**Student:** 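Got a structure for you, written out below as structure tokens; questions coming shortly.
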Amino acid sequence: MDTYCKIFMDSTAGYDEIFDLISKYLAGTPKGVSTIITSWCSISLKRNSYYNEELYLNNSDDFVYWEYYLDMECLDGVPFVEYVKNINRMMSFLRTFCLSVVPSCDFEDMLT
């Protein structure tokens with residue numbers, strides 16, 4: 001199964017704040033200004049090129065127009081079940097400061 005996962009985030013927090021919160025929560029190692037390496041995955045925080053403030057304000061439920069998303073990939077040797085469990089935990093954490101969180105991946109039905 002393809003382990004790539006994209007998680008869209010609707011947040012009023014800025015890029016640096018989101019990056020710092022995720023990095024600290026996961027006890028990950030920042031690599032540059034957009035990537036965090038953990039014991040189970042590589043995560044890149046991205047600005048959504050489709051973000052459009054006007055469209056967002058007209059329909060904030062459409063995650064395609066949210067400003068940020070995460071690109072995630074499982075590290076070699078990590079069991080898929082553990083990867084999914086950790087994504088679910090991280091999504092719960094993201095919901096503590098995001099208005100909404102929406103995963104997009106081949107296994108999104110396994111994510112809560």
Side-chain angles (χ1 to χ4, degrees):
M1 176 175 285
D2 183 11
T3 62
Y4 171 77
C5 187
K6 182 181 266 190
I7 298 178
F8 291 89
M9 299 176 296
D10 183 7
S11 178
T12 57
Y15 184 94
D16 292 338
E17 183 179 1
I18 293 170
F19 186 83
D20 288 344
L21 286 167
I22 293 170
S23 182
K24 287 176 185 169
Y25 173 75
L26 296 175
T29 303
K31 185 176 179 183
V33 296
S34 67
T35 302
I36 301 165
I37 306 297
T38 73
S39 61
W40 55 276
C41 76
S42 172
I43 301 172
S44 292
L45 175 60
K46 304 283 188 169
R47 292 183 196 274
N48 188 354
S49 63
Y50 294 106
Y51 172 68
N52 179 303
E53 187 173 8
E54 184 178 331
L55 292 173
Y56 170 78
L57 292 173
N58 286 332
N59 184 8
S60 64
D61 291 335
D62 192 346
F63 63 87
V64 173
Y65 300 117
W66 293 353
E67 190 169 4
Y68 302 108
Y69 66 89
L70 299 173
D71 273 337
M72 302 181 62
E73 191 67 58
C74 187
L75 295 181
D76 290 340
V78 175
F80 182 71
V81 171
E82 182 181 331
Y83 178 60
V84 170
K85 182 173 67 173
N86 284 320
I87 292 175
N88 278 320
R89 286 183 185 146
M90 189 183 68
M91 287 178 52
S92 291
F93 169 72
L94 292 173
R95 288 185 184 105
T96 66
F97 67 90
C98 291
L99 303 172
S100 292
V101 176
V102 175
S104 177
C105 54
D106 289 346
F107 53 94
E108 62 193 46
D109 59 319
M110 300 171 77
L111 302 174
T112 58

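Every value quoted in this text rests on a predicted model; they were computed, and no experiment measured them.
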**Student:** Can you tell me how far the CE atom of Met90 sits from the OG1 atom of Thr38, to the nearest 0.5 Å?
**Tutor:**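 Spacing of CE (Met90) from OG1 (Thr38) equals 9.0 Å.
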**Student:** As an exercise, state the distance from SG of Cys105 to CE of Met72, rounded to the nearest 0.5 Å.
**Tutor:**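 Going from SG on Cys105 over to CE on Met72, the span is 9.0 Å.
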**Student:** Would you indicate whether the side-chain heavy atoms of Tyr68 and Lys46 approach each other to under 4.5 Å?
**Tutor:**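 No; the side chains remain at least 4.5 Å from each other.
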**Student:** If every non-hydrogen atom of Asn48 is compared with every non-hydrogen atom of Phe63, which pair is closest and at what distance?
**Tutor:**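 That would be ND2-O, 4.2 Å.
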**Student:** Taking only residues two or more places apart in sequence, or in another chain, which ones meet Asp106 in a side-chain contact (heavy atoms from CB on, under 4.5 Å)?
**Tutor:**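 Result, side-chain contact (heavy atoms from CB on, under 4.5 Å) vs Asp106: Asp2.
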**Student:** Side-chain polar contacts of residues 7-15 - donor-acceptor pairs under 3.5 angstrom, sequence neighbours left out - could you list them?
**Tutor:**
residue	atom	partner	partner atom	Å
Asp10	OD1	Tyr56	OH	2.6
Asp10	OD2	Tyr56	OH	3.2
Ser11	OG	Ala13	N	3.0
Tyr15	OH	Val33	O	3.1
Tyr15	OH	Leu45	O	3.1

**Student:** Quick check for you: to the nearest 0.5 Å, what is the distance between Leu21 atom CG and Phe19 atom CZ?
**Tutor:**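 Answer for the CG-CZ pair, Leu21 versus Phe19, is 11.5 Å.
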**Student:** Which pairs would a plain distance check flag for residues 93-101, meaning a side-chain donor or acceptor within less than 3.5 Å of a matching protein atom at least two apart in sequence or in another chain?
**Tutor:**
residue	atom	partner	partner atom	Å
Arg95	NH1	Thr112	O	3.2
Arg95	NH2	Thr112	O	3.2
Thr96	OG1	Phe93	O	2.5

**Student:** Examine Val64 and Tyr4 and state if one hydrophobic cluster contains both, with Ile, Leu, Val, Met, Phe, Trp and Tyr joined whenever side-chain heavy atoms are less than 4.5 Å apart.
**Tutor:**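 Result: no, two separate clusters.
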**Student:** Output the distance between atom CD1 (Ile37) and atom CG (Leu75), rounded to the nearest 0.5 Å.
**Tutor:**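 Result: 6.5 Å between the selected atoms.
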**Student:** For the SG atom of Cys74 and the CG atom of Asn86, what is their distance to the nearest 0.5 Å?
**Tutor:**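 CG of Asn86 is found 9.0 Å from SG of Cys74.
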**Student:** What pair of heavy atoms forms the shortest contact from Leu111 to Cys5, and how long is it?
**Tutor:**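 Result for this residue pair: CD1-SG, 4.1 Å.
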**Student:** For Ser23, give me all partners under side-chain contact (heavy atoms from CB on, under 4.5 Å), at least two apart in sequence or on another chain.
**Tutor:**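 By the side-chain contact (heavy atoms from CB on, under 4.5 Å) rule, Ser23 matches Pro30, Ile36.
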**Student:** I'd like a table of donor-acceptor pairs (distance under 3.5 Å, sequence neighbours excluded) in which one partner is a side-chain atom from residues 76-85, with atom names and distances.
**Tutor:**
residue	atom	partner	partner atom	Å
Tyr83	OH	Thr3	O	2.7

**Student:** Could you work out, with side-chain contact (heavy atoms from CB on, under 4.5 Å) as the rule, every residue matching Thr29, not counting sequence neighbours?
**Tutor:**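 Thr29 satisfies side-chain contact (heavy atoms from CB on, under 4.5 Å) with no residue once adjacent residues are dropped.
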**Student:** Can you find a heavy atom in the side chain of Tyr65 that is under 4.5 Å from one in the side chain of Glu54?
**Tutor:**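 No, too far: nothing below the 4.5 Å cut-off.
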